[in-house]
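Worth knowing before you read on, the calculation uses all heavy atoms, side chains too, and leaves out hydrogens, waters and symmetry mates. So that the names make sense, note that chain A is the first sequence line, chain B the second, and so on, each numbered from 1.
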Amino acid sequence: MDLETKRHSFAHILAHAVQELYPGTKLGIGPDVENGFYYDFDLPEKISEDDLPKIEKKMKDLINQDLKFKREEVSKEEAKKLLEDQPYKLELLEDLDEVSIYKTGDLVELCKGPHVDSTKQLDPDAFKLTKVAGAYWKGDEENKMLTRIYGVAFDSEEKLEDYLEFKEEAKKRDHRRLGEKLDLFHVDEDVGPGLILWHPKGALLKKLISDHVVERYRKNGYDLVSTPHIAKFGLWEKSGHADFYEDNMFPKMHMKELDKEEKDDYQLKPMNCPFHVSIYQQDIKSYRDLPLRYTELGTVYRYEKSGTLHGLTRVRGLTQDDAHVFCTKQQLSEELVKLLDLTESILKDFGFENYNITLATQPEKYIGSDEIWEKSQNALKYALDELNFEYEEEPEEGAFYGPKIDMNLEDAIGREWQCTTIQVDLNLPERFDMTYVDEDGNEQKPIMIHRALLGSLERFIGILIEHYAGNFPVWLAPEQVWVISVGSRNRDYASEVAEKLQQEGIRAEVRNDNKTVSKKIRQGEVQNIPYLLVVGDDEQEEDGVSVRKESEDLGLMKTEEFIKKIKEEIKNKE
RNA sequence: GCCGGAGUAGCUCAGUGGCAGAGCACUUCAAUGGUAAUGAAGAGGUCGUGAGUUCAAUUCUCACCUCCGGCUCCA
């Protein structure tokens, strides 16, 4: 019996238990999911996580009763009768041709299965109800919110314990927790939700990452540009953001009303695109100028719904490693191949080799001709295939202005976050009437590719912290070396060593404070400092340092030798 | 925004309708240390904010703010 089937059956037992404990409960749906299952209920009373043990106990009772899962094929009419007091099931029934039901004890369920034959096949100690959450019926915000109960389930109690332990460990890698422990950033209630304040070490990390990617972009034919944080509201009307994106924008600044001299309202930018278009349009472009690639670390502000904010991974002020590529139709495929190639290479610089790629295609509401959509989508597919990327197609999930490729990275507990996005923009060249002159002297419309490879620095750093569990490789560590003096008579020497390292461009701090060596080592370990150098009488005599890395004592070496070693590691981005 | 939960010292968390608590961190003193916590003393609080109930509210009630887990949305 496979685990998915068992999890699905656990979901049914959950429904059974809830119906017995809360008569009058209406059932939604209850599938198996990764690591477990859930079930959606319309309950006659409020419940919270405190009620879960009671429900769990009921479930165990039911499982121990050796209930049989009996499948029956029935006609729609029969099903309607059986499910007459289950409005959500009746709604589901409308869309079905073949109807199967499952009877488990007193519970009648509309379900296509499969299930275990009997609860005897379920281990009553191999599941646990984990959380209560709200979920919209059929995933639609307009519908009623049902109560969803989540559970995890495995083949055995032992595997359940392993999983729960893994989750507990993963929590320690949470970037919000590490961000505080490593003194990288915070969010201040008075500054505002979703607005990040980077501390010295966090700001340095952000700069190291920024510098690295900008350098790589420049080497790949990108030109760096820089644009303002606000623009006249009219710009956003022209671009279409005022119509299509208004819910996500901070409200406009009512200059007109406040100051009779000022003729225009202003708007904090949610995107960088229109600015880059403006730079493009400053002179007449020839086909010889294309492809043209403008990149900018652009800080944008988006009014995300309050409930969606999450540490660094979902914020209201974010810096995108943004770029817009303008090219001819003929150049599109090649540009996309180059882009995907660069993406793979850059993600690899940060140790990411696994990510999930999606291709989102033409949605219901869109602008542009079907032909250009088709061509753009084919170009994206071509590029993915060319580089042998596996991807999942998401029909109708594209932006209104074009299809896109997204790459999702996982956080410590397996939640996926969209980072890289590569979008073909069919809207802005039209709206801004962008042109270039082709070989024959005719005006043509360029294709515009909107792309952010890290996505936003905030989200990327959030994922990166969890990826390395705060243990950054030397080239990214805000503090690379601590020089720890043993006794007070070694302090001058420790300072000398630290200064020497600093002059070589190494981020070294001297720890001459009045603490024991053990204490300072411990602090260095807790702060994930890559190299701890202990210097006492022996080292001073030898003009050397005792090196500790990854909790291992590598022994005494000449200071010059250590400098050579660490510089090599930094250069190789180890 | 919606559903559920939470907010006590810088951090992790106890606790109570009647003087506000611990550990770590911090400051001072002593110890001059050899690879994951030296010892002692001290300081530190509008108990998220505002209103209400009460002789008395950090504790009970309501509203708001923020955070946490989901849903929807998204870089």
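Rounded to an integer number of Å, the gap from A:E542 CD to B:rG34 C1' is 15 Å. Computed from coordinates, the A:L146 CG to B:rG70 P distance equals 18 Å when rounded to whole Å. The distance between atom CG of A:N514 and atom C1' of B:rG39, rounded to the nearest whole Å, is 13 Å. Rounding to whole angstrom units, CG of residue A:L129 and C1' of B:rG5 are separated by 16 Å. When rounded to the nearest whole Å, the span between CG of A:L197 and P of B:rC67 equals 13 Å. At whole-Å resolution of the value, CG in A:N471 and P in B:rA36 are 16 Å apart. The nearest whole Å value for the distance from the CD1 atom in A:I529 to the C1' atom in B:rA36 is 14 Å. Atom-to-atom, CZ of A:R177 to C1' of B:rC68 comes out at 14 Å; the value is rounded to the nearest Å.
Closest of all the heavy-atom pairs between A:Y222 and A:A323 is CE2-CB, 3.6 Å.
Across the P atoms, B:rC26 and B:rU66 are found 32 Å apart, a figure rounded to whole Å. To the nearest whole angstrom, the two C1' atoms, one in B:rC67 and one in B:rU38, are 38 Å apart. For the C1' atom pair drawn from B:rC64 and B:rG7, the interatomic distance equals 14 Å after rounding to whole Å. Rounded to a whole angstrom, the distance from the C1' atom of B:rA20 to that of B:rC13 is 14 Å.
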Could I get a table of every N or O pair under 3.5 Å where one atom is in the protein and the other is in nucleotides 71-75 of chain B?
| from | atom 1 | to | atom 2 | distance (Å) |
| --- | --- | --- | --- | --- |
| B:rC71 | O4' | A:G134 | O | 3.0 |
| B:rC71 | O2' | A:Y136 | N | 3.1 |
| B:rU72 | O2' | A:E141 | OE1 | 3.0 |
| B:rU72 | O2 | A:K305 | NZ | 3.4 |
| B:rC73 | O2 | A:R314 | NH1 | 3.0 |
| B:rC73 | O2 | A:R314 | NH2 | 2.4 |
| B:rC73 | N3 | A:R314 | NH1 | 2.9 |
| B:rC74 | O2 | A:R314 | NH1 | 3.4 |
| B:rC74 | O2 | A:R459 | NH2 | 3.1 |
| B:rA75 | OP2 | A:K404 | NZ | 3.4 |
| B:rA75 | OP2 | A:Q418 | OE1 | 3.4 |
| B:rA75 | OP2 | A:Q418 | NE2 | 3.0 |
| B:rA75 | O3' | A:Q418 | O | 2.8 |
| B:rA75 | O3' | A:Q418 | NE2 | 2.7 |
| B:rA75 | O3' | A:C419 | O | 3.2 |
| B:rA75 | O2' | A:Q418 | O | 2.8 |
| B:rA75 | O2' | A:C419 | O | 3.3 |
| B:rA75 | N6 | A:E304 | OE2 | 3.3 |
| B:rA75 | N6 | A:R314 | NE | 3.4 |
| B:rA75 | N6 | A:V315 | O | 2.8 |
| B:rA75 | N1 | A:V315 | N | 3.2 |
| B:rA75 | N3 | A:S456 | OG | 3.1 |

If you restrict it to nitrogen or oxygen atoms, what contacts under 3.5 Å exist between nucleotides 22-26 of chain B and the protein, and what is each distance?
| from | atom 1 | to | atom 2 | distance (Å) |
| --- | --- | --- | --- | --- |
| B:rA25 | OP1 | A:K519 | NZ | 2.4 |

N/O to N/O distances under 3.5 Å, protein versus nucleotides 6-12 of chain B:
| from | atom 1 | to | atom 2 | distance (Å) |
| --- | --- | --- | --- | --- |
| B:rC11 | O3' | A:E180 | OE2 | 2.9 |

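The residue A:V534 sits close to a base: some heavy atom pair falls under 4.0 Å. Within the 4.0 angstrom heavy-atom criterion, only backbone atoms of the sugar-phosphate kind lie near A:S48; the bases stay farther away.
Figure legend: A:K131 and A:Y150 shown as a cation-pi pair, the cationic atom lying under 6.0 angstrom from the six-membered ring centre and within 45 degrees of its axis.
Residues A:I461 and A:W198 meet the side-chain proximity criterion, which asks for heavy atoms closer than 4.5 Å. The shortest distance between side-chain heavy atoms of A:L182 and A:K201 does not fall below 4.5 Å. Annotation: side chain of A:N427 is not in contact with side chain of A:F244 (no heavy-atom distance under 4.5 Å).
RNA chain B lies under 4.0 Å from at least one heavy atom of each of the following residues of residues 479-494 of chain A: A:V486, A:G487, A:S488, A:R489, A:R491.
At the phosphate of B:rG4, OP1 or OP2 sits under 4.0 Å from a side-chain N or O atom of A:K46. Contact annotation: A:H310 reaches the phosphate of B:rG69 (side-chain N/O to OP1 or OP2, under 4.0 Å).
For A:G536 and A:R415, each mapped to the nucleotide of RNA chain B holding its nearest heavy atom, the one lying further toward the 5' end belongs to A:G536. Annotation: of the two residues near RNA chain B, A:I521 and A:G192, the 5′-most nearest-nucleotide partner is A:I521.
By the 6.0 Å contact criterion, CD on A:E45 is enclosed, its count of non-hydrogen atoms from other residues, nucleotides or ligands being greater than 12.
Using a 30° and 60° split on the angle between ring planes, A:Y301 and A:H229 fall in the tilted class, from 30° to 60°. Ring geometry, A:F10 versus A:F127: the interplanar angle falls from 30° to 60°, so the pair is classed tilted.
Residues satisfying the ring-ring contact (aromatic ring centres under 6.0 Å, His included) test with A:Y163, not counting sequence neighbours, are A:F154.
A donor-acceptor contact closer than 3.5 angstrom is absent between the side chains of A:E392 and A:N356.
Taken together, the paired segments of RNA chain B that extend over three or more consecutive Watson-Crick or G-U pairs, each closer than 3.5 Å at both contacts, are B:1-7 with B:65-71, B:10-13 with B:21-24, B:26-30 with B:38-42, B:48-52 with B:60-64.
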